[in-house]
*Asks:* 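Below is the structure I would like to discuss, written out as structure tokens.
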Amino acid sequence: MNYTTPELIALILEFIFFSFAFLAVLSYIILAFISGVETVNYMKKNSFVNYKEILSSSISPSISIIAPAYNETLNIVENVRSLLSCHYANYDVIIVNDGSKDDSLEKLIKAYDLVKVDYPINQQIPTQPLREGVFKSTNPAFERLIVVDKQNGGKADALNTGLNISTNKYVACIDVDCLLLEDALQKMIKPFLESTESKVIAAGGVIRIANSCVIKDGKLLDVNLPKNAIVKGQILEYLRAFLLGRMAWSRLNGLLVISGAFGMFDKKTAIEVGGYDTHTVGEDMEIIVRMRRYMEEQKVKYKVAYIPDPLCWTEAPNTYKVFISQRNRWTRGTIETLKKHKKIAFNADYNSLGTISYPYWLIFERIAPLVEVVGLFYMIYLIAMNSVKWDYALAFIIVAYLFTVFFSIVTIITEEHTYHQYKKKGTGYQLLKAAFLEPFINHPFVLYAAIKGNFDYYFNKKIKWGEMTRKGMTID
């Protein structure tokens with residue numbers, strides 16, 4: 001059969017769209033299945049673990065919690081109290097005030113009886129200089145707390161300052177606005193203690209959204225489902241990513257990212273690779289890829305672990321403006337990381353990192369939004385040319401929508417039968433309702449932010465981090 005050039009282009013585009021959709025759906029199903037099996041096995045195995053033995057042992061591995069803070073006056077005192085409440089024997093808390101312009105430092109000084117001290121800093125990673133210096137508490141109850149006031153250099157620079165100051169073997173890097181559960185450290189350290197055949201270089205856990213939850217004195221007292229539709233959509237998104245995605249990637253040793261909200265690292269390895277990259281907005285992803293690349297090049301057996309326990313709660317954007325800004329930054333961070341480490345791509349010398357993880361992120365995270373936008377424009381073109389095969393087009397749209405809803409429902413059921421954080425009557429119905437609405441309420445803005453992130457990366461070099469306006473975790 002002879003085709004005209006436009007017909008041939010149309011056939012190629014349609015083949016690409018359907019193939020892409022088929023492979024995406026197939027990958028989601030496979031990852032969800034592996035995640036489900038791994039989560040069940042994890043829960044069975046850990047039902048016999050006595051975490052009190054880990055937290056009370058005097059020989060527990062030493063951990064430093066590093067929390068950068070910039071203009072966090074709204075939650076700073078309460079969130080530091082949360083970090084100081086961990087049930088673990090051997091840890092300290094390093095708050096790095098990264099040149100805040102508000103009264104964050106003053107609030108910390110008053111609340112925790114801080115005084116300036118001479119404190120040794122092993123400057124292994126270059127950072128911005130100190131501003132006011134290092135503070136410790138005169139109150140023995142807060143002896144674990146170290147507050148560092150430095151000139152502004154961004155989150156990555158603040159984390160590097162924490163790495164320089166820490167004297168412990170492991171570091172847990174956390175956003176200071178996050179609420180860390182009391183047993184988080186002993187659960188997160190477990191993969192580092194268990195692994196004997198390979199070195200665990202990093203570990204991550206589930207991040208949950210704390211909007212509308214009741215928090216007092218640094219403790220999570222009551223879990224509420226927010227009324228805000230944008231936030232509810234993000235709850236589903238987080239549940240899908242953490243419950244039905246990252247557990248599988250951990251099993252495949254293919255994780256490329258650990259959430260910047262809370263992750264634990266082998267400090268020695270993090271310093272050997274040069275710490276966090278201050279020239280990217282996606283420092284949480286970039287350091288994992290760089291650490292993995294380093295271990296592959298050193299021919300050392302290693303692992304990036306992940307556990308499905310809800311360990312950390314964070315405030316999510318509740319306006320489209322902040323939501324788009326956040327997702328724009330995530331897109332630019334992904335582009336920067338994949339570009340910086342392009343040597344890994346499809347390179348068998350890097351094992352599964354080069355042949356599975358990198359290609360997956362390139363195709364289904366980096367390129368996917370672009371394919372979707374091209375598909376939308378192609379659909380508009382077909383409508384304009386009155387060339388739409390409406391029976392096929394509608395069938396494709398309906399199947400895509402129903403699969404998205406189905407995947408969210410599977411996620412809700414998984415949550416209900418595992419950690420069941422949302423216990424109140426009517427919550428399940430609200431989440432199911434959100435599953436049907438999310439593709440219309442959240443996804444278009446995720447897509448817009450991804451496209452804008454691509455545009456800003458290539459054509460708007462002035463844009464950097466982007467503001468994340470905090471309103472307090474109890475705000476809906």
*Asks:* Are Val257 and Val289 close enough that some pair of their side-chain heavy atoms sits under 4.5 Å apart?
*Replies:* no
*Asks:* Taking it one step at a time, do Lys219 and Glu182 satisfy salt bridge (charged side-chain N to carboxylate O under 4.0 Å, His left out)?
*Replies:* CA-CA 8 Å; Lys219 294 184 179 181; Glu182 294 171 344; 3.5 Å; yes
*Asks:* Any side-chain heavy atom of Val223 within less than 4.5 Å of one from Lys423?
*Replies:* no
*Asks:* Can a donor-acceptor pair be found between the side chains of Arg208 and Tyr238 at a distance below 3.5 Å?
*Replies:* no
*Asks:* Is it true that Lys303 and Glu197 make a salt bridge, defined as a side-chain N closer than 4.0 Å to a carboxylate O?
*Replies:* no
*Asks:* Can Asn351 and Glu296 be said to form a side-chain hydrogen bond (donor to acceptor under 3.5 Å, both in side chains), step by step?
*Replies:* CA-CA 8 Å; Asn351 299 307; Glu296 293 285 357; 2.9 Å; yes
*Asks:* Please check if the side chain of Ser104 supplies one atom and the backbone of Ser100 the other of a donor-acceptor pair under 3.5 Å.
*Replies:* no
*Asks:* Is the distance between the ring centroids of Tyr419 and Phe242 less than 6.0 Å?
*Replies:* no
*Asks:* With side chains defined as the heavy atoms from C-beta onward, is the minimum distance between Val322 and Thr319 less than 4.5 Å?
*Replies:* yes
*Asks:* Give a yes-or-no answer on whether the side chains of Glu72 and Asn79 include a donor-acceptor pair shorter than 3.5 Å.
*Replies:* no
*Asks:* With ring-ring contact (aromatic ring centres under 6.0 Å, His included) as the criterion, how do Tyr401 and Phe440 come out once you've worked through the C-alpha distance, each side chain's angles and the decisive distance to 0.1 Å?
*Replies:* CA-CA 10 Å; Tyr401 170 72; Phe440 305 105; 5.3 Å; yes
*Asks:* As an exercise, state the distance from OG of Ser82 to CG of Asn75, rounded to the nearest 0.5 Å.
*Replies:* 11.0 Å
*Asks:* Could you give the distance from CD1 (Ile215) to CG (Asp222), rounded to the nearest 0.5 Å?
*Replies:* 10.5 Å
*Asks:* Apply the side-chain contact (heavy atoms from CB on, under 4.5 Å) test between Phe265 and each candidate in Val304, Ile201, Ile287; give the one that qualifies.
*Replies:* Ile287
*Asks:* Is it the case that the ring center of Phe396 lies less than 6.0 angstrom away from the ring center of Phe17?
*Replies:* no
*Asks:* Is the count of non-hydrogen atoms from other residues, nucleotides or ligands lying under 6.0 Å from Lys101 atom NZ greater than 12?
*Replies:* no
*Asks:* Minimum heavy-atom separation for Ser35 and Leu243, please, with both atom names.
*Replies:* CB-O, 3.3 Å
*Asks:* Does Ala24 offer a backbone N or O that forms a donor-acceptor pair with the side chain of Ser27 under 3.5 Å?
*Replies:* yes
*Asks:* Between the side chains of Lys199 and Asp266, is the shortest nitrogen-to-carboxylate-oxygen separation below 4.0 Å, so that they form an ion pair?
*Replies:* yes
*Asks:* Between the side chain of Asp98 and the main-chain N/O of Tyr70, is any donor-acceptor distance below 3.5 Å?
*Replies:* no
*Asks:* Hydrogens and angles aside, do Asn328 and Asp456 bring a side-chain donor and acceptor to less than 3.5 Å of each other?
*Replies:* yes
*Asks:* For residues Cys312 and Leu180, report the shortest heavy-atom separation together with the two atoms involved.
*Replies:* CB-CD1, 4.3 Å
*Asks:* Between Glu272 and Tyr294, does any side-chain donor sit less than 3.5 Å from a side-chain acceptor?
*Replies:* yes
*Asks:* Strictly below 4.0 Å, N to O, side chains only: are Lys155 and Asp284 in salt-bridge contact?
*Replies:* no
*Asks:* Do you know the tightest heavy-atom contact between Leu181 and Cys86?
*Replies:* O-SG, 4.4 Å
*Asks:* Work out which heavy atom in Val200 is nearest to a heavy atom in Ala305; give both atom names and the distance.
*Replies:* CG1-CB, 4.3 Å
*Asks:* Are more than 12 heavy atoms from other residues, nucleotides or ligands located less than 6.0 Å from atom NZ of Lys424?
*Replies:* yes
*Asks:* If you count heavy atoms of other groups shown closer than 6.0 angstrom to OH of Tyr360, is the number above 12?
*Replies:* yes
*Asks:* Answer yes or no: is there an ion pair linking Glu237 with Arg327, defined by an N-O contact shorter than 4.0 Å?
*Replies:* yes
*Asks:* Are side-chain N/O atoms of Glu372 and His443 paired as donor and acceptor at under 3.5 Å?
*Replies:* yes
*Asks:* Would you call Arg290-Glu286 a salt bridge at under 4.0 Å N-O?
*Replies:* yes
*Asks:* Check the surroundings of atom CZ in Arg81: do more than 12 heavy atoms from other residues, nucleotides or ligands lie under 6.0 Å from it?
*Replies:* yes
*Asks:* Run the salt bridge (charged side-chain N to carboxylate O under 4.0 Å, His left out) check on Glu336 and Arg329 step by step: do they pass?
*Replies:* CA-CA 10 Å; Glu336 288 171 343; Arg329 174 170 54 83; over 6 Å; no
*Asks:* State the CD1-CG distance between Ile66 and Asn160, to the nearest 0.5 angstrom.
*Replies:* 9.0 Å
*Asks:* Is it true that Glu297 and Tyr350 share a donor-acceptor pair across their side chains at a distance under 3.5 Å?
*Replies:* yes
*Asks:* Treating Ser195 as the side-chain partner and Pro191 as the backbone partner, does any N or O pair qualify as donor plus acceptor under 3.5 Å?
*Replies:* no
*Asks:* Can you tell me how far the CD1 atom of Ile207 sits from the OG atom of Ser259, to the nearest 0.5 Å?
*Replies:* 4.0 Å
*Asks:* Using every non-hydrogen atom in the two residues, find where Thr337 and Gly282 come nearest and quote the distance to one decimal.
*Replies:* OG1-O, 3.9 Å
*Asks:* Do other residues, nucleotides or ligands put more than 12 heavy atoms under 6.0 Å from the OH atom of Tyr320?
*Replies:* yes
*Asks:* Quick one: CD1 on Ile34 to CD1 on Ile29, what's the gap to the nearest 0.5 Å?
*Replies:* 12.0 Å
*Asks:* Between the side chains of Tyr422 and Gln430, does any donor sit under 3.5 Å from an acceptor?
*Replies:* no
*Asks:* Using the ring centroid of each side chain, check whether Phe407 and Phe403 are separated by less than 6.0 Å.
*Replies:* yes
*Asks:* Distance alone, cut at 3.5 Å: any donor-acceptor contact between the side chains of Asn460 and Arg332?
*Replies:* no
*Asks:* Would you indicate whether the side-chain heavy atoms of Asn454 and Leu370 approach each other to under 4.5 Å?
*Replies:* yes
*Asks:* Decide if the gap between the ring center of Tyr358 and the ring center of Phe346 is smaller than 6.0 angstrom.
*Replies:* no
*Asks:* For Ala229 and Asn442, work out which heavy atoms get closest and say how close.
*Replies:* O-OD1, 3.8 Å
*Asks:* Quick one, Ser408 and Glu438 - any side-chain contact, counting heavy atoms below 4.5 Å?
*Replies:* yes
